[in-house]
Structures are given as C-alpha cells and as structure tokens.
Amino acid sequence: MKQIIKRYYNEIWDKYFEYDLNNLYHITNVMNVDSILINGLKCNDEGQIFFFDNKMFKWNDKEYIVMQHIGANQIFLEKYAIFKINSKGIKTDIINDNVAEITSIFQFYINQDVISPKYLKFVGYYPHNYMDGGI
C-alpha cells in the first residue's frame with residue numbers, strides 16, 4: 001500500500017489538510033504533451049516525478065488554485081499543460097516536496113521511472129496570466 005511520507009510538516013498541518021489521491025495533477029511545458037501521451041510521464045535525472053493536489057487556497061484575500069501558483073512562481077511558462085494522474089499508476093511512496101512555496105503542502109514527488117500513459121489523462125492547456133496567477 002502506498003503511503004504519503006510527510007517529511008516536512010507536523011500534526012498541525014495534517015489537521016487542516018487532507019490529501020486526495022484521486023486529485024493528483026502534473027504541470028508541464030506544452031511541448032511535452034505529445035511525448036507524455038505516447039511514453040508516459042518520465043522521471044527527471046534524479047529519478048523523481050513531480051505532481052500536486054490542485055486545491056484552492058487564499059492569499060492576500062484572493063483565491064488561487066495550486067496550478068496557478070506553480071505556473072507563475074516555479075515553472076515560469078506563458079502557457080502550460082495539465083495532466084491528471086490516476087493513483088493506480090503510482091507504485092512507490094508519495095513524498096512531500098520540500099519547496100519554499102506557500103503551496104508546498106500540496107506538492108509531492110515519487111521515485112519512479114515512469115507513470116504509464118494509461119494512468120494519465122490530458123486535462124488541457126492553460127495560459128499563464130501574470131496579473132491573476134502570480135503571488
């Protein structure tokens with residue numbers, strides 16, 4: 001059974017946030033879409049695949065979703081693509097990613113070579129709006 005390894009957060013965070021293994025997404029450059037659809041989601045040079053739970057959160061009285069924050073503050077793309085991940089494609093433990101971002105509690109990675117395309121659903125392309133998405 002897969003488990004979520006919470007390396008950086010304490011019990012207080014756990015009381016407020018529940019992780020939804022049916023609501024996992026990967027954000028990528030639009031140029032990667034065709035390759036991911038054919039070959040699946042491949043790990044980086046360190047053997048990691050990154051993804052997030054796309055929750056809504058509030059910052060400075062404005063609501064955002066996690067993908068907006070990642071698009072604006074971590075990958076810096078004018079346009080990005082989103083894939084939904086079926087958790088059946090995850091074969092290893094899920095580890096909280098240690099990023100210095102407000103959304104870090106919703107960001108994860110696994111140490112796995114690939115997530116097969118049969119466990120991925122292309123959600124769509126999204127433009128980055130620096131006025132609305134940046135924090």
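For the numbers below, each heavy atom of this structure counts, side chains included, while hydrogens, waters and symmetry mates do not.
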[atom1] of [X] to [atom2] of [Y]: how many Å apart, nearest 0.5 Å?
X      : Y      : atom1 : atom2 : value
Asn32  : His26  : CG    : NE2   : 7.0 Å
Ser116 : Asn86  : OG    : CG    : 10.5 Å
Phe108 : Asp97  : CZ    : CG    : 9.5 Å
Cys43  : Ile49  : SG    : CD1   : 6.0 Å
Ile94  : Ser87  : CD1   : OG    : 7.0 Å
Ile85  : Lys121 : CD1   : NZ    : 13.5 Å

Handout entry: Closest approach of Ile38 to Pro117 (non-hydrogen atoms, all atoms of both residues)
Key = O-CG, 3.5 Å
Practice task
State, to 0.1 Å, how close Leu41 and Leu120 come at their nearest heavy-atom pair, and which atoms those are.
Solution key: N-CD1, 3.6 Å
Fill in the blank from the handout: Residues passing the side chain to side chain donor-acceptor pair (under 3.5 Å) test with Asn29, sequence neighbours excluded, are none
Exercise for the section: Please step through side chain to side chain contact (heavy atoms under 4.5 Å, CB included) for the pair Ile110 and Ile115, ending with a clear verdict. Expected result: CA-CA 10 Å; Ile110 54 174; Ile115 298 176; 4.0 Å; yes
Practice task
Apply ring-ring contact (aromatic ring centres under 6.0 Å, His included) to the pair Phe106 and Phe52, showing each step before the final yes or no.
Solution key: CA-CA 5 Å; Phe106 305 117; Phe52 58 95; 9.6 Å; no
Exercise for the section: Check ring-ring contact (aromatic ring centres under 6.0 Å, His included) between Phe122 and all other residues, then give those that pass, not counting sequence neighbours. Expected result: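 Counting only residues at least two positions away or on another chain, Phe122 forms a ring-ring contact (aromatic ring centres under 6.0 Å, His included) with Phe83, Tyr125.
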Completion exercise
Contacts satisfying side chain to side chain donor-acceptor pair (under 3.5 Å) that involve residues 34-44 (not counting sequence neighbours) are Ser35-Asn39
Exercise for the section: Identify which one of Phe50, Tyr126, Tyr80 satisfies the side chain to side chain contact (heavy atoms under 4.5 Å, CB included) criterion when paired with Ile27. Expected result: Tyr80
Handout entry: Path from Val114 to Tyr25 over hydrophobic side-chain contacts below 4.5 Å
Key =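 Val114 does not cluster with Tyr25.
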Problem - Heavy-atom neighbours of Asn111 CG exceed 12 at 6.0 Å - result: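 Atom CG in Asn111 is packed in, count exceeds 12.
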Problem - Between Gln112 and Gln48, a side-chain donor and acceptor under 3.5 Å - result: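 No, Gln48 and Gln112 have no side-chain donor paired with an acceptor closer than 3.5 Å.
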